[in-house]
K.L.:
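My structure is below; once you've seen it, I'll send some questions.
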2 protein chains.
Amino acid sequence: MNTAAESAGAAATLNEQMQALGRTAAAARGALAQSSGAVRNAALAAAAHALRAQRAQILAANAQDMADAQARNLSSAMLDRLRLDDKRVESMARGIEDIIALPDPLGSVAAEWTRPNGLHIQRVRVPLGVIGIIYESRPNVTADAGALCLKSGNPVILRGGSESRQSSAAIHACLLEGLRAAGLPSGAIQLVPTADRAAVGMMLAGLNRCIDVIVPRGGRSLVERVQAEARVPVIGHLEGLCHVYVDRDADPEMARDIVVNAKLRRTGICGAAETLLVDRGCPGALLPFLLDALAEGGCELRGDEAVQRADQRVKPATEQDWSTEYLDAIISVRIVDGVEGAIEHIARYGSAHTDSIVTNNAATAERFLRELDSAILLHNASTQFADGGEFGMGAEIGISTDRFHARGPVGVEQLTSYKYVVRGSGQVRPG
Amino acid sequence: MNTAAESAGAAATLNEQMQALGRTAAAARGALAQSSGAVRNAALAAAAHALRAQRAQILAANAQDMADAQARNLSSAMLDRLRLDDKRVESMARGIEDIIALPDPLGSVAAEWTRPNGLHIQRVRVPLGVIGIIYESRPNVTADAGALCLKSGNPVILRGGSESRQSSAAIHACLLEGLRAAGLPSGAIQLVPTADRAAVGMMLAGLNRCIDVIVPRGGRSLVERVQAEARVPVIGHLEGLCHVYVDRDADPEMARDIVVNAKLRRTGICGAAETLLVDRGCPGALLPFLLDALAEGGCELRGDEAVQRADQRVKPATEQDWSTEYLDAIISVRIVDGVEGAIEHIARYGSAHTDSIVTNNAATAERFLRELDSAILLHNASTQFADGGEFGMGAEIGISTDRFHARGPVGVEQLTSYKYVVRGSGQVRPG
């Protein structure tokens with residue numbers, strides 16, 4: 001057992017270690033900001049190549065992590081998130097290649113205009129700064145997030161879960177090879193080398209102003225902690241309490257297809273629908289039709305009294321159910337009074353993430369799209385489209401429900417800031 | 001003297017008062033977000049009308065503030081910032097009319113595209129949320145900031161300096177008239193009704209998550225406190241340590257005009273140049289020419305040894321001078337080795353606000369514009385153009401040197417967030 005002095009000494013050492021990480025990352029900013037898109041792509045290509053070439057080493061490291069995890073009795077869901085195989089390694093490499101294919105966000109002109117006095121103004125994209133990624137379990141985040149940050153010219157400090165430490169280290173080694181091959185500083189992608197939990201708190205404090213933004217990737221308790229403690233901006237979301245509202249003017253088969261896909265395509269993602277709202281004015285057969293499709297798909301049904309009467313498989317829903325993100329094959333179902341009732345329910349119980357309306361009434365749809373303020377609003381499409389890839393961004397580092405800086409899927413373009421470049425011919429400001 | 005119980009009671013009362021302000025502001029979000037541009041403009045027009053109609057009352061309130069300030073021996077600079085007259089009241093009303101003339105930022109489509117699967121995606125602008133403005137001395141901020149927030153659909157909580165309390169209240173009354181005339185809730189523009197300093201701390205804590213962003217308008221110590229304590233995002237800047245670099249390929253007369261304007265047009269604004277960098281490779285006569293123009297304009301000169309040799313009016317500059325924002329008719333002058341030396345100096349000593357290069361060498365200019373990362377970079381133009389009005393934004397709530405959300409002048413468009421509106425025809429996500 002450590003003495004107080006030993007503990008203090010260890011803490012000081014960790015602090016120095018983490019501060020050094022911060023300084024190294026900040027020192028890499030200039031080289032990345034000035035690098036050409038071709039050089040960054042070359043680094044990414046070499047990293048993807050290394051992932052494939054070192055597949056055996058990566059899987060061996062993962063096997064050690066898996067053995068440790070099994071010995072510690074981690075749940076099967078956690079083991080599944082932790083596990084790597086040939087397919088997942090290949091998927092990491094291909095994900096990096098998708099990012100290579102994206103246009104270079106840096107130096108691109110977001111807007112330009114000329115003033116009456118002749119000044120020509122451009123808003124030009126630049127990197128955001130040093131990004132801290134704090135994630136759990138899934139080792140592929142090391143590759144995905146590392147590649148997104150590099151593409152957008154941002155040095156990154158990666159802090160993965162301790163259970164995936166050896167896998168992440170093996171993947172990180174491939175990313176370092178990529179940097180080396182392209183002549184970029186190794187400080188551009190750093191992995192926090194210690195499992196000490198205090199390291200996370202130090203990142204959240206900003207590493208003495210070296211970290212510009214934190215991105216948490218993981219479960220609710222991680223995101224809550226980050227949002228509560230971070231002294232730097234955070235990109236992310238706490239809940240994906242998504243709704244599908246089926247209106248009286250909905251096409252029944254479209255409604256069924258969308259509802260089933262929104263709930264059951266993948267139940268564990270933030271864009272999975274958690275509550276189905278059905279218009280009281282729908283034809284009588286529609287509700288049982290939807291409930292049956294969900295039940296046949298393996299979904300547990302919970303609903304208000306009217307919904308319970310429509311299908312005997314429906315369990316009673318409590319007030320709590322309207323506020324619950326199940327992340328499972330469970331859905332809460334409620335009858336509402338038209339689009340107005342749907343808007344009221346979603347504004348009250350939703351998390352402003354992603355909400356969808358199914359209707360063939362254009363005016364009703366426009367009202368829903370206009371009056372709600374979720375990050376993503378869909379008309380006649382599944383909530384499962386809440387994804388950077390589906391949006392055409394190529395990849396995302398996460399989805400934000402904040403209102404500041406980025407909202408919705410956060411891709412390479414959202415990982416940039418901008419500067420104004422003003423070209424004149426000698427203008428001075430009058431008065 | 002208050003007992004502990006009395007103090008605790010007073011604190012509880014202030015807390016309740018401030019929390020109520022927060023809730024009222026948050027409650028106004030929906031009405032503002034759904035209001036049309038015409039209604040918001042009608043409110044602004046009625047407010048401008050009220051300012052003119054109630055000029056006498058405003059000036060009377062200001063006279064009381066001035067009398068109190070003089071009795072407390074405030075400096076003449078502070079008295080000048082506090083003072084209102086016919087011209088300044090008219091200027092407030094005209095400032096509001098400039099804001100009316102701006103296009104409505106809400107509901108505008110920032111980007112749109114169609115996916116291969118037919119989904120049509122739009123990024124649509126929405127209000128940012130509740131904005132807290134914390135400002136000192138200048139009562140016109142009540143009108144300017146109130147109008148900018150209203151135009152962009154954001155409820156605002158205004159907390160001005162205690163010395164301008166009566167003036168701000170009289171101006172606020174006019175803004176309330178505007179809201180009433182247009183049928184908008186009075187909670188859209190609230191003035192903190194107490195001089196208790198603890199109110200500021202409560203705003204910085206976010207008023208129980210009711211405030212979405214804080215904008216400090218004032219001196220360094222205010223901005224420092226806000227940036228250090230705020231638990232919500234802050235839009236603003238700490239320093240405007242701006243540079244003009246005169247390159248060997250500069251036109252001498254253009255250089256003189258720009259340098260004199262950048263330093264002396266108005267010395268107290270953030271875009272005023274604080275350091276002049278002169279290329280060692282400039283023709284020998286240029287440095288004395290520039291120094292003489294500055295000295296003749298009433299500017300105190302401080303410089304390194306080479307600069308001291310060029311003009312006997314130059315006092316020695318210390319290391320501290322390169323990091324000093326004088327906000328006065330004082331400039332520090334240094335000889336640097338070409339654009340590379342200028343970039344090095346600015347990167348080291350600057351505040352990433354606004355920096356300018358004077359040269360007729362296009363390649364040199366491009367290098368300066370590319371390698372520096374200030375919020376605003378100018379080629380052959382004065383740093384005094386660092387202003388939302390000069391940028392064509394119509395008005396600004398401040399200038400940001402942050403990298404997150406907004407950088408450079410922050411106008412109505414930067415006071416918005418966005419949501420994605422996705423229109424489909426029944427698409428479900430595969431796999």
Side-chain angles (χ1 to χ4, degrees), chain A residues 30 33-34 107 113 115 117 119 121 123 126-129 212-213 233 251 254 257-258 260-262 265 347 358 365 369-382 384-385 387 390-392 402-405 407-409 417-431, chain B residues 30 33-34 107 113 115 117 119 121 123 126-129 212-213 233 251 254 257-258 260-262 265 347 358 365 369-382 384-385 387 390-392 402-405 407-409 417-431:
Chain A
Q34 296 303 314
W113 61 98
R115 296 292 295 144
N117 62 7
L119 287 181
I121 302 178
R123 189 183 293 147
V126 299
L128 198 50
D212 292 283
V213 63
D251 175 281
M254 182 191 294
D257 292 345
I258 286 175
V260 169
N261 182 270
R265 173 188 165 274
V358 187
L369 299 171
R370 184 182 65 245
E371 291 190 23
L372 283 170
D373 194 31
S374 311
I376 300 169
L377 293 161
L378 303 112
H379 174 210
N380 286 349
S382 167
Q384 297 251 345
F385 284 111
D387 173 86
E390 290 296 331
F391 266 52
D402 291 324
R403 308 187 70 80
F404 214 60
H405 187 80
R407 203 159 185 244
S417 181
Y418 56 83
K419 67 187 184 188
Y420 287 99
V421 174
V422 182
R423 291 181 175 81
S425 52
Q427 287 87 342
V428 297
R429 189 175 175 190
Chain B
Q34 296 303 312
W113 61 98
R115 297 292 296 144
N117 63 7
L119 286 182
I121 302 177
R123 189 184 294 147
V126 298
L128 198 51
D212 292 282
V213 63
D251 175 281
M254 182 190 295
D257 291 344
I258 285 174
V260 169
N261 183 269
R265 173 188 166 274
V358 187
L369 299 171
R370 185 182 64 246
E371 291 190 23
L372 282 171
D373 194 33
S374 311
I376 301 169
L377 293 161
L378 304 111
H379 174 209
N380 287 350
S382 167
Q384 297 250 344
F385 284 111
D387 173 86
E390 291 295 331
F391 267 52
D402 291 324
R403 308 186 71 80
F404 214 60
H405 188 81
R407 202 158 185 243
S417 182
Y418 55 84
K419 67 186 184 187
Y420 287 99
V421 175
V422 182
R423 291 180 175 80
S425 52
Q427 287 87 344
V428 296
R429 189 176 175 190

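Reminder, nothing fancy here: chain letters follow the sequence lines and each chain counts from 1.
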K.L.:
Just give me the residue among Leu372(A), Asp373(A), Asp387(A), Asp402(A) that pairs up with chain B most often, heavy atom to heavy atom, under 4.5 Å.
P.N.:
Asp387(A)
K.L.:
Specify whether His405(A) and Phe404(B) have parallel, tilted or perpendicular ring planes, treating 30° as the upper limit for parallel and 60° as the lower limit for perpendicular.
P.N.:
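The rings of His405(A) and Phe404(B) lie parallel, inter-plane angle below 30°.
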K.L.:
Tell me, for Asn117(B) versus chain A, whether the close heavy atoms (under 4.5 Å) come from the side chain, the backbone, both or neither.
P.N.:
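The side chain, not the backbone.
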K.L.:
Who among Gly431(A), Ser374(A), Ala33(A) has the most heavy-atom pairs with chain B under 4.5 Å?
P.N.:
Gly431(A)
K.L.:
If I measure from the heavy atoms of chain A, does Gln384(B) come under 4.5 Å with its side chain, its backbone, both, or neither?
P.N.:
both
K.L.:
Go through the atoms of Ile121(A) and report whether side chain, backbone, both or neither lie under 4.5 Å from a heavy atom of chain B.
P.N.:
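Side chain only.
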K.L.:
Of the listed residues (Ala365(B), Pro430(B), Ala375(B)), which shares the most heavy-atom pairs with chain A below a 4.5 Å separation?
P.N.:
Ala375(B)
K.L.:
Might you point out which heavy atoms bring Arg429(B) and Phe385(A) nearest each other, and give the distance in Å?
P.N.:
N-CZ, 3.5 Å
K.L.:
For Glu371(B) and Gly30(A), indicate whether the former's side chain and the latter's backbone hold a donor-acceptor pair under 3.5 Å.
P.N.:
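No; zero donor-acceptor contacts below 3.5 Å.
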K.L.:
To the nearest 0.5 Å, tell me how far Asp251(B) CG sits from Ser425(A) OG.
P.N.:
11.0 Å
K.L.:
So which part of Asn261(B) gets closer than 4.5 Å to some heavy atom of chain A, the side chain, the backbone, both or neither?
P.N.:
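Looking at Asn261(B), just its side chain touches chain A.
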K.L.:
Show the nearest heavy-atom pair for residues Trp113(B) and Phe391(A), with the distance to one decimal.
P.N.:
NE1-O, 2.8 Å
K.L.:
By a 4.5 Å heavy-atom criterion (distance strictly below it), what part of Arg123(B) contacts chain A: side chain, backbone, both, or neither?
P.N.:
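Only the side chain of Arg123(B) comes within 4.5 Å of chain A.
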K.L.:
So which atom in Tyr420(B) and which in Pro409(A) form the shortest heavy-atom distance, rounded to 0.1 Å?
P.N.:
CE1-CD, 3.9 Å
K.L.:
Only pairs of heavy atoms separated by less than 4.5 Å count here; which of Gly408(A), Gly129(A), Pro233(A) has the most with chain B?
P.N.:
Pro233(A)
K.L.:
Which atoms of Asp257(B) come close to chain A, meaning under 4.5 Å heavy atom to heavy atom: side chain ones, backbone ones, both, or neither?
P.N.:
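For Asp257(B), the contact with chain A is made by backbone and side chain together.
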K.L.:
Pick one of side chain, backbone, both or neither for Ile258(B), based on which atoms fall under 4.5 Å of a heavy atom in chain A.
P.N.:
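For Ile258(B), heavy atoms of backbone and side chain both lie under 4.5 Å from chain A.
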K.L.:
In terms of heavy-atom pairs under 4.5 Å, which option from Ser417(A), Ala381(A), Ser382(A) contacts chain B the most?
P.N.:
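Ranked by contacts with chain B, first place is Ser417(A).
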K.L.:
Using only atom types and a distance under 3.5 Å, with no angle test, would you say the side chain of Arg407(B) pairs donor to acceptor with the backbone of Tyr418(A)?
P.N.:
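Yes.
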K.L.:
Side chain, backbone, both or neither: which part of Val213(B) has a heavy atom under 4.5 Å from chain A?
P.N.:
side chain
K.L.:
Okay, side chain of Lys419(A), backbone of Leu369(B): is any donor-acceptor separation there less than 3.5 Å?
P.N.:
yes
K.L.:
Would you say the side-chain atoms of Arg403(B) pair up with the backbone N or O of Leu128(A), donor to acceptor, closer than 3.5 Å?
P.N.:
yes
K.L.:
Is chain A contacted by the side chain of Arg115(B), its backbone, both, or neither, given a heavy-atom distance below 4.5 Å?
P.N.:
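Just its side chain gets close to chain A.
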